[in-house]
Amino acid sequence: MLSTVSRQLRSHPALIPLFIFIGGGCTMSLTYLARLALRNPDVCWDKANNPEPWNKLGPNDQYKFFSVNMDYSKLKKDRPDF
C-alpha cells in the first residue's frame, strides 16, 4: 500500500501538500483528544481512589484549553467543601 502511495506521489507531486496537511490535522486532533482524556476533570479513569475528581479542583485551576481575558490566579473560593 505504501508503494502505491509513493508511486502516486511521484507521478502527481501536487498531492504532497494534501498528504502533509491531512497528516498534520490528524496528528493535532489526536493530540487534543489525548489532552481531553488525560487533563479534563470530567473524565475519571480511577474510580476506586478518586471517584469524583471535579470536586478536588481549586478555584484557580485552569482546565480550559483557551480562555479569553480570564486570570485564574485571582479567583477566590466561593463554594463549599465536600
Side-chain angles (χ1 to χ4, degrees):
M1 181 164 161
L2 289 176
S3 64
T4 305
V5 171
S6 64
R7 193 172 3 146
Q8 287 292 325
L9 288 178
R10 273 189 245 118
S11 63
H12 302 290
L15 292 176
I16 294 172
L18 178 70
F19 276 89
I20 290 172
F21 283 107
I22 287 179
C26 290
T27 302
M28 285 188 286
S29 65
L30 288 174
T31 304
Y32 183 67
L33 183 65
R35 182 194 180 277
L36 283 177
L38 297 175
R39 306 267 314 190
N40 197 352
D42 296 331
V43 178
C44 182
W45 292 95
D46 186 15
K47 290 191 180 208
N49 294 328
N50 193 6
E52 296 175 344
W54 50 89
N55 283 338
K56 295 190 179 191
L57 284 176
N60 55 0
D61 290 337
Q62 179 181 359
Y63 62 91
K64 289 185 175 182
F65 184 69
F66 181 73
S67 63
V68 179
N69 298 330
M70 186 69 174
D71 188 13
Y72 284 93
S73 64
K74 295 180 181 177
L75 291 177
K76 302 282 190 255
K77 184 175 181 181
D78 62 348
R79 55 186 180 240
D81 289 328
F82 290 109

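For the single chain, residues carry numbers from 1 onward in sequence order.
- Of the possible donor and acceptor atoms, none in the side chain of Trp45 sits under 3.5 Å from a partner among the backbone N and O of Leu38.
- Grouped by direct or indirect side-chain proximity (heavy atoms under 4.5 Å, Ile/Leu/Val/Met/Phe/Trp/Tyr only), Leu15 sits with Val5, Leu9, Ile16, Leu18, Phe19, Ile20, Ile22.
- The hydrophobic cluster of Met28 has no other members, since no ILVMFWY side-chain heavy atom comes under 4.5 Å of it.
- Within the hydrophobic cluster formed by Ile, Leu, Val, Met, Phe, Trp and Tyr side chains joined at under 4.5 Å, directly or through other members, Leu2 stands alone, with no partner residue.
- Residue Leu33 is found outside any hydrophobic cluster, as its side-chain heavy atoms come under 4.5 Å of no other Ile, Leu, Val, Met, Phe, Trp or Tyr.
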